[in-house]
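All chains are named by letter (A, B, ...) in the order of the sequence lines, taking the proteins before the strands, and each is independently numbered beginning at 1.
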Amino acid sequence: MSEEKIPYEQSDLYRIRHSAAHVMAEAVLEHFPEAKLAIGPPIADGFYYDFDLGQDENGKPKTFSPEDLEQIEATMKKLLKKNAKFEQSSKTVAEAQEFFADAPYKLELIAELAAGKVDENGNPISEPVTEVGIYQHRNFVDLCRGPHVGFTKQVKANAVKILRSSGAYWRGDENREQLQRIYGTAWHNRVELDEYLKRLEEAKKRDHRKLGKELDLFSAAPEVGGGLILWHPKGGLVRHLAEEFCKNEHLANGYDLVYTPHIGRSTLWETSGHLTWYRDDMYAAIQIDEEEYFLKPMNCPFHIMIYKEKMHSYRDLPLRMAEWGTVYRYERSGVLHGLMRVRGFTQDDAHLFCRQDQMPEEIDRALNFCLHILRSFGMDKFHAYLSTRDEKKSAGDAERWEAPTEALRAALERAGLDYDIDEGGAAFYGPKIDLKMIDALGREWQLSTIQFDFNLPERFDMTYIGQDGEAHRPYMIHRALLGSMERFMGVLIEHYAGAFPLWLAPVQVVMVPITDRHIPYAEKVAEELRAAGLRVDVDVSSERMNKKIRNAQLQKIPYMLVVGDKEEENDTVAVRTRNNENRGAVPLADFLAQAATLITTKALEL
RNA sequence: GCCACCUUAGCUCAGUUGGCUAGAGCGGCGCAUUCGUAAUGCGCAGGUCGUGAGUUCGAAUCUCACAGGUGGCUCCA
């Protein structure tokens, strides 16, 4: 953790991984002399290198088998131990072109460097280069600007591991060659490597797909279709509780709740521009009478139609229209992932319609409301992005983008959020703020978004009557806070590793009668707790108490109330928490009062 | 969609180089047990080995196709 202070690019680990990538490529060439090298950078927690292995006798691209990877790893370790110095030099563009004459991918990189387009990582560069960096160890020479470690031995053979291979498009372009990528990881020493591998194992235990099955929260069935979620009673309850809380907060914060249909006529989607811009993500038309209808990929056109049902005065604004709207989008089969990426999902969507002068405050309110909601779920670690105008594809002139972009930036700063700027990352219709959460495997998933829209108010010719009696165009802001209920639930499950805070736990209390003769007392207590609004199960199975406790632990139920003779006599319950904490006998009324407080305050602790 | 890998009971997984009625644990059901803070014992049921072709005297095991899943790539809440 000591290198967190300095940028990753300047850290030891970066050099170690970059050098490991070179030695791995050296090992690959030993087994596949005909392989063409593409690129091999360090990445978070490791490195990769891309290869073109040519074609087999049937003309199909050759790939790495698991056995190949084992051998490459063994060779790589051997080569690391057989010490060699990393030597840096440079070549002129012409020299490099001659030297890499048989390396087509390197030639392409050199050409782009020489043309001043992009560097080897695909990032734009400011001016053409005349000399390119070269790193060599033994006979392995690579186009590379480093940095590297001094000697191969500085990459410990027992701190390196090849993880997997996969296909990867050259330059990230699916229309270009598909290369074979090998991922590896490298650390300072073996202990760090083991810790990393252990971390991966731990992460798997938090995987929402695994927990979803174990805790009986949701499923997806091939018979239903990929990316379509079935919410089981327990998962449905958690989702209901989350939605109920959010809807009430919306009502308390100046939003109106609306409902709109799942399909709409093609004319609606023509007007909105979806059929022009978004058709690839939409499902095929549904024929009804003489008309084509489409399943909605977004809710906005419907909300706009509600707006347009009547004239609006400047006094009516701002209008905040919210809907838990279920949308359907075509996602390619390979991208589906548990609850995180699905084909049908419910957005906590809202559209804000306001006057120009109200815009900065609306942004502020939206962002603060968003943070309030996320924090209510115990989520306070997220990565904020401000996406700005892409000159090549954007509606409206640059000037028009300025005020909204500044308003978004100001809101981020007033909220005290660190944020990164995604230059040119905005949609064509306006700038936006995104908040992304990190899942168990370290991947980022976007939840919240606050997006400006210059486009739809125009297309639908939305107006309001201003103080001057003239028609004006309202500003429109799309925003989703949890994003989609599916993805949010996925993140939430992983955030708590399935151990939901009391207010969200599908079963809050399980009664553990020690013997069957204590069941009536357990039932009586359960009824009292239920009357107070708690969700209580009674374990009447013929198992021993230990087993009942174990089952409750595995289900991550917050409280286990053990009741036997002593408790029955004194109107108490023996409180045990899922944190393995045994609080002993507590008067029932005390337990109830405590639990009630924790629920109303949405406490994270038990 | 592309590349690789995977698919055996409700779940998690064994199943040697192809060879007897395909196994285990958990879960389910039954019986016994009534127990003080993470697994009581015994018994029973449960499988067209993802689907379809092929190779073979013989296929869970080898080949091909398809479907579904997983990890990447591309793409996005």
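The partner of B:U17 cannot be assigned: no Watson-Crick or G-U wobble pair with both contacts below 3.5 Å exists in any strand. Under the Watson-Crick and G-U wobble criteria, each requiring two contacts below 3.5 Å, nucleotide B:G58 is left unpaired. Using the Watson-Crick or G-U wobble rule with both distances under 3.5 Å, B:A24 pairs with B:U12. Under the Watson-Crick or G-U wobble criterion, with both distances below 3.5 Å, B:C5 is paired with B:G69. In this structure, B:C35 forms no base pair with any nucleotide, since neither Watson-Crick nor G-U wobble geometry is met with both distances under 3.5 Å. A 3.5 Å limit on both hydrogen-bonding distances identifies B:C42 as the Watson-Crick or G-U partner of B:G30. Base pairing of B:G47 is not made with any nucleotide, judged by Watson-Crick or G-U wobble geometry with both donor-acceptor distances under 3.5 Å. Pair check for B:U63 finds B:A53; Watson-Crick or G-U wobble, both atom distances under 3.5 Å.
Distances were taken from every side-chain heavy atom of A:Lys566 (C-beta onward) to each of B:G72, B:G36, B:C75; the shortest belongs to B:G36. Among the nucleotides B:C75, B:G68, B:G27, the one closest to any side-chain atom of A:Lys547 is B:G27. Here the side chain of A:Pro222 is nearest to one of B:C73, B:G68, B:A39, namely B:G68. Residue A:Thr515 places its side chain closer to B:U34 than to any other of B:A38, B:U34, B:G72.
Residues A:Ser541 and A:Lys547 bring no donor and acceptor atom of their side chains to less than 3.5 Å of each other.
Residue A:Leu163 is classed as having no contact, given no heavy-atom separation below 4.0 Å to the nucleic acid. Within the nucleic acid shown, A:Gln553 comes within 4.0 Å of at least one base atom, counting heavy atoms only. Within the nucleic acid shown, A:Asn551 has no heavy atom closer than 4.0 Å to any nucleic acid atom. Using a 4.0 Å heavy-atom criterion, one finds that A:Asp173 contacts no nucleic acid atom at all. When heavy atoms are screened at a 4.0 angstrom cut-off, A:Met560 is found touching no nucleic acid atom at all. Residue contacts shown for A:Arg487 include a base, since a base heavy atom lies under 4.0 Å away.
Taking atom P in both B:A22 and B:G46, one finds a spacing of 13 Å when rounded to whole Å. Spacing between B:G52 and B:U12 at atom P, rounded to whole Å, works out to 23 Å. Rounded to whole Å, the C1' atom of B:U17 lies 28 Å from the corresponding atom of B:U51. Distance noted for atom C1' between B:U55 and B:U63: 7 Å (whole Å). One C1' atom belongs to B:C5, the other to B:A9, and the distance between them is 24 Å to the nearest Å. The gap from the C1' atom of B:A60 to that of B:U16 amounts to 14 Å, rounded to the nearest Å. Using atom C1' as the reference point in both B:C57 and B:C20, the two lie 15 Å apart (nearest Å). The same atom, C1', is picked in B:U61 and in B:U8; the two are 11 Å apart, to the nearest Å.
Ranked by how close their nearest RNA chain B nucleotide is to the 5' end, A:Leu435 and A:Ile549 are led by A:Ile549. For A:Val342 and A:Gly172, each mapped to the nucleotide of RNA chain B holding its nearest heavy atom, the one lying further toward the 5' end belongs to A:Gly172.
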In B/S/- notation (B base, S sugar-phosphate only, - none; protein heavy atoms under 4.0 Å), nucleotides 1-15 of chain B written 5' to 3' is BBBS------SS---
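With rounding to the nearest 0.5 Å, the separation of CG in A:Leu481 from CG in A:Leu435 is 9.0 Å. Atom CD1 of A:Ile557 sits about 8.5 Å away from atom CG of A:Asp539, to the nearest 0.5 Å. Atoms CG and CZ, from A:Leu339 and A:Arg239 in turn, are 10.0 Å apart once rounded to the nearest 0.5 Å.
Residue ring and nucleobase are stacked for A:Phe345 and B:A77, with a centre distance beneath 5.5 angstrom and an angle between planes beneath 30°.
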Check the pair A:Arg199 / A:Glu202 against salt bridge (charged side-chain N to carboxylate O under 4.0 Å, His left out), numbers first and verdict last. CA-CA 5 Å; A:Arg199 234 176 25 244; A:Glu202 289 300 312; over 6 Å; no
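With rounding to whole Å, A:Asp539 atom CG is found 16 Å from B:C35 atom P. Atoms CH2 (A:Trp445) and C1' (B:C76) sit 9 Å apart, rounded to a whole Å. Atom OH of A:Tyr521 is separated from atom C1' of B:U34 by 19 Å (rounded to the nearest Å). The distance from atom CD of A:Glu568 to atom C1' of B:G36 is 14 Å, rounded to the nearest whole Å. For A:Glu543 and B:U33, the CD to P distance is 15 Å, given to the nearest whole Å. Atom CD of A:Glu214 and atom P of B:G27 are 14 Å apart (whole Å). Going from atom CG of A:Asn175 over to atom P of B:U74 covers 13 Å, rounded to whole Å. For A:Leu336 and B:G69, the CG to C1' distance is 11 Å, given to the nearest whole Å.
When ring centroids are compared, A:Trp324 and A:His250 come within the 6.0 Å threshold. A distance of 6.0 Å or more separates the ring centres of A:Tyr49 and A:Phe47.
Looking at A:Phe488, A:Phe500, A:Tyr496 one by one, the single match for ring-ring contact (aromatic ring centres under 6.0 Å, His included) with A:Phe377 turns out to be A:Phe488.
Between the side chain of A:Asn546 and the base of B:U37, no donor-acceptor pair of N or O atoms lies under 3.5 Å.
The pair A:Lys62-A:Glu34 meets the salt-bridge criterion, since a charged nitrogen lies less than 4.0 angstrom from a carboxylate oxygen.
Using a 30° and 60° split on the angle between ring planes, A:Phe218 and A:Trp231 fall in the tilted class, from 30° to 60°.
More than 12 non-hydrogen atoms from other residues, nucleotides or ligands lie less than 6.0 angstrom from CD of A:Glu581.
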